[in-house]
Structures are given as structure tokens and as C-alpha cells.
Number of protein chains: 2
Amino acid sequence: MPQPLPLLSRLTLERAKSSHDHIAALLGMELLKGLYPPGSKLPPEPQIIERFHVSRTVIREVMKTLAAKGFVISKTRVGTRVRERMYWNYFDADVLAWRVRLGFDDEFMHGLVEVRRALEPAAAALAAQRRSAQDVASLRECLKQMSRGGHNRQSFAEADLEFHLVVGNATGNPMMRSAASVIDTALVASFMYSSPVDDPLDYQATVGAHADIVDAIEAGDESAAAEAMRRVIDIGVERIDLTRRMQAKKR
Amino acid sequence: MPQPLPLLSRLTLERAKSSHDHIAALLGMELLKGLYPPGSKLPPEPQIIERFHVSRTVIREVMKTLAAKGFVISKTRVGTRVRERMYWNYFDADVLAWRVRLGFDDEFMHGLVEVRRALEPAAAALAAQRRSAQDVASLRECLKQMSRGGHNRQSFAEADLEFHLVVGNATGNPMMRSAASVIDTALVASFMYSSPVDDPLDYQATVGAHADIVDAIEAGDESAAAEAMRRVIDIGVERIDLTRRMQAKKR
DNA sequence: GATAAGTAATATCATACTATTTTTTGTCGA
DNA sequence: TCGACAAAAAATAGTATGATATTACTTATC
């Protein structure tokens, strides 16, 4: 039987991996950092091989991975060139994981939230429009998981992620599903930074707002579902802003 | 000097390419078609090699590409397994190109439009909030390109795509930029199916609606920009629905 | 049952060879 | 002498092949 899926592990643990994954992440992060500006050429294969002490096979497969994510493009005789940032696929679990590893700065946070505010209320509205009885049952189950006491940051984050994945699924739109999956995984990583479980009031508000979403979806009320989803996102933003201000004061 | 970018060519032409790209597209499309259900295992390497008559190198690089897009995951001794559809990266130029090649059915169209209606008005609003003088100038230039006469489907589609890319760029949000780039490229492929240039009234309405977007962005009016963007999308939807109905009648 | 040996699949390595394009060089004609 | 075209060379990624390493499942052994 297939294993249960490693939900957050990809973003959080990142331990020992294949040399391919290791080097892909390293080069990916260097690209994200802007070490190789768009339009410039990456060093030729032999040089990269030299640098990492691996076989050409590994390097080539890494390049294929980076090319698949829109970062580079290779041409015979010409070399491997970095593409314009516009073509970099930020809607990608690996890319976001690399980005998070680079640091969770304000700019990145806000960009993520902007996308989330655009997509997720729309997803909630679609879910309200098309939800099946099964979807609603799954959401209620998620809610139960979230509201059961005794959560730590990790376990609450997983429950929260699961909730949003189910909403994405209920839209019946594959693109929404895949977007929700990617975005939320990255967002939830922020829970490692500041989490609702640290503050009882925050915790209660978060769970309550999620319950509102379920109610609206069950009732088939699109605009209420979208509105409730917006509230959930905003609560998260406030928490993060608050944490930041407190940390700034401490310094 | 770097070449001008091949905007649509990736989605439309798809000519002779490397065997890697060819096989990646083939397997990617088979996966999209559901030929290998999630959870199942792909045939082992030797069998795939047999099938395509290429070297192991090529097959392995194809697998890395598919893995990078979230379609499969390979493990030593276990084999290559198809992942749940939720993890497939639909926000990807290649994946959308494969999907388009499979056919532009209603369901796909509407899914695309739903995402577009969620993201692009938000992008327009952000652009209105942050636009630079340079952005506005670029948009005006795009508009001029769109409204100059003598367009064929391809050339108008390119001008339209460029417009939306500039809007995405003006948001200053990398995720918005990359999303706009991917989505619009796929959407614009629909212009090969039905284009505003075929009908003078439609053409005029489309250009006019785009002009409204620029005006709103320049004025910094977020909600007007979002609203105008919604109108642009809806005009496109109407055109496509109309084309479909006429084609259905013909049969 | 727990442990160890075997085995089948991908992961990596090493070394060729091929194909494609850019650059250079050479040739011819004006 | 200059310029235009053509042929040759060189550089780089693309493909091919076979060997070894690693890993997780299976079976055998105690």
C-alpha cells in the first residue's frame, strides 16, 4: 500500500537527499538569490562538474530539473542561459521551498499573501458552488482535527494545510487544486515562524473563521465563503505582522 | 546579444525538437490523459527504453523533467510512481502546452477562465497601486500595437499576451508575474481557435476594454482596473462560447 | 519472529561518440 | 584590396553504452 503523504516534510525537514536534489536546491537557491542574472550564462558543464565533484549525469539531470522549472534553457554549442525571471515557475513546491530556505522576509510574505488573497476566496466560492456531501464531510473532519486540543505548531499546521487542500479539491478545478496545494504548503511553513497555537485568542479566532468557511460552503453561499476565506487569510497576516513588530521591538 | 523571446512559439509550433522534449511531451500527455493512474507504477526503465529506442540517458532526463513538474517520483529499487493529481503542476508552461495539445474542451477552458478571473483582476489592482511611469508607457505602447490595423490571429495574440505580461510585471510580485505569464500564454493559444480579429465589433470592444485597463492603472484606481480586467476576460469568454455554439449548429 | 542473504530497481559514474552552431579561415570574384 | 560567400574547425550540449553503488523489498535461515 502507498505510504501516507509527507505533507510538510518537504518544506521543513530537507535532510539527507540524493546528490541530484542537493545540487538542484543549491543551484536553484543561487539563482533565486540572483547570483546568475537573467540572460547570463551558467558555467559550462565541466566547470560545474569540477565544482561539485559529481558525474556529468547528475549535473545534466539537475539542469533538466532547472530547465523544467523555467530557470534556464540549454542549447548545443551555446551553453546554458538563465531565463528572464518572468518565466521562473514560482508556483512550484520545490521553488517555494528553496525560496523559504533563503529566508522569510516581508517582501516574500506579502507577495505570497497577495496571491493567496486572489486565489483562495475564489476557490472557496467555487467550492460552495460545487461541493459534494463528501467534501463537506471532509471539511467537518478537518475542523474537528483543528479544534481538538493539544496541538503543537507542526500538528496544527498540518491540519490547517489539509483543510485548504480539501477546499481546493472541492473546486473541481485541477488548476485551483494544484495552486492551493503549492501556495498553502509555503504559507503553512510560516507557521513555524508564528503559529496560532501560541495564543488562545488567536487560536479560537482561527478555528472559528475556518468553521465559517465550512458553513458557507455547505450552504452553497459563494460570497460568504469567499468572505470567510478572506478573514482567515487576514487573521494570519495580522499575526505575522504582530510577531514581526514584537521581534523588532526586542532588538 | 540575446535573441528576442519566442513568445507563442512554444505553444503553437512544437516542431522538431530534441528526443528528450519529444518523449517528455508524449509521456506528459499520456499522464494527463490518465493512462497511468495516480499511485500506479510506470514501466521500468528498460521497457521505456525499448519503447522509444533511445538511450537510458534520455529516459532518465525525461523522468527528471516529469518529476520536476510533480507528475512522478522515483525511488531506488521501488520504481517510478505516478503522484496524486493534486501535486501535478498545472501552473507550468509545458504542462499547459501538453494539455492544450490534447484538446481545448469546455471543461479545460472554464477551469482556465476561473483561475484567470481570480488572478488577473487582482494583478491589475496591484499594478494600479504600484505602477511606474515606465509601466504605463509600456502599456500604452502595447495598446498602440493592438490597435494598429492589419493584424492576423497570431500577431494580435502576441500583442495581447505582451499586454498582460506587462501588467503582471507592474505588480512587482514575482508570483503574479510568473502566474500571468503561464496562464496568459495558454489562454492566448485559444486565439488560434477564435480570435477578435475575425469580427470588427469584437475587435473594437477588446481594444477598448484594454484601454480602460491602462487608464485605470495610470489613474491608480485599483477597483476600476480590476473591473476593466474582468471585462476583458468576459469578452473573451463570450467570444469562445459563441464560436462553440456556431460550430455545434454547423454539425 | 528476528536476522541475514539475495535480488531487482533506480542512482551514480566514466567514457565514448554525435549533432549543432558559432567562429574562423579560406577562396573566389569584383 | 575588399567583400561575400563557402568550407573547415572548434566548442558545447545531446546521446549512447556499460559498469558500479545504493536501496528497499523478498526470501531464506536460524
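Lettering follows sequence order; numbering is per chain, from 1. Computed from a prediction, not measured in an experiment: that's the story for all the values here.
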Tell me: NZ of A:K75 to C1' of C:dT18, nearest whole Å? 19 Å
Within this structure, what is the CG-to-C1' distance between B:D21 and D:dA13, rounded to whole angstrom? 13 Å
Separation of B:K64 atom NZ from D:dG14 atom P, in whole Å? 17 Å
Does NZ or CZ of B:R83 come closer than 6.0 Å to the centre of the six-membered ring of B:F71, within 45° of the ring's axis? no
Of the candidates D:dA24, C:dT12, D:dT12, the side chain of A:T76 sits closest to D:dT12
Could you tell me whether the side chain of B:S190 and the main chain of B:A186 form a donor-acceptor pair under 3.5 Å? no
Once you measure the plane-to-plane angle for A:F91 and B:F91, does it fall in the parallel (<30°), tilted (30-60°) or perpendicular (>60°) bin? parallel
NZ of A:K17 versus P of C:dA11: gap in Å, rounded? 14 Å
So A:D184 and A:R116, salt bridge (Lys or Arg N to Asp or Glu O under 4.0 Å) or not? Walk me through it. CA-CA 8 Å; A:D184 285 324; A:R116 214 184 170 204; 3.3 Å; yes
Value in whole Å for how far the C1' atom of D:dT15 lies from CD1 of B:I23: 11 Å
Pairs of donor and acceptor atoms involving the side chains of residues 175-183 of chain A, under 3.5 Å and at least two apart or interchain, shall be tabulated with distances.
from   : atom 1 : to    : atom 2 : distance (Å)
A:S178 : OG     : B:W88 : O      : 3.4
A:S178 : OG     : B:Y90 : N      : 3.4

Residues of residues 49-62 of chain B with any non-hydrogen atom less than 4.0 angstrom from an atom of DNA chain D: list those, numerically ordered, please. B:V54, B:S55, B:R56, B:T57, B:V58
Does A:S19 have a side-chain nitrogen or oxygen under 4.0 Å from the phosphate oxygens OP1 or OP2 of C:dA11? no
Could you state the CD-C1' distance from A:Q47 to D:dA13, rounded to the nearest angstrom? 15 Å
To the nearest angstrom, the CZ-P distance between B:R81 and D:dA24 comes to 12 Å
Checking A:S195 side chain against A:D198 main chain: does a donor-acceptor pair fall under 3.5 Å? no
A:H22 NE2 to C:dT12 C1': how many Å, rounded? 15 Å
Between B:Y203 and B:F156, does the ring centroid distance fall short of 6.0 Å? yes
Heavy-atom donor-acceptor pair, B:R77 side-chain to C:dA9 base, under 3.5 Å: no
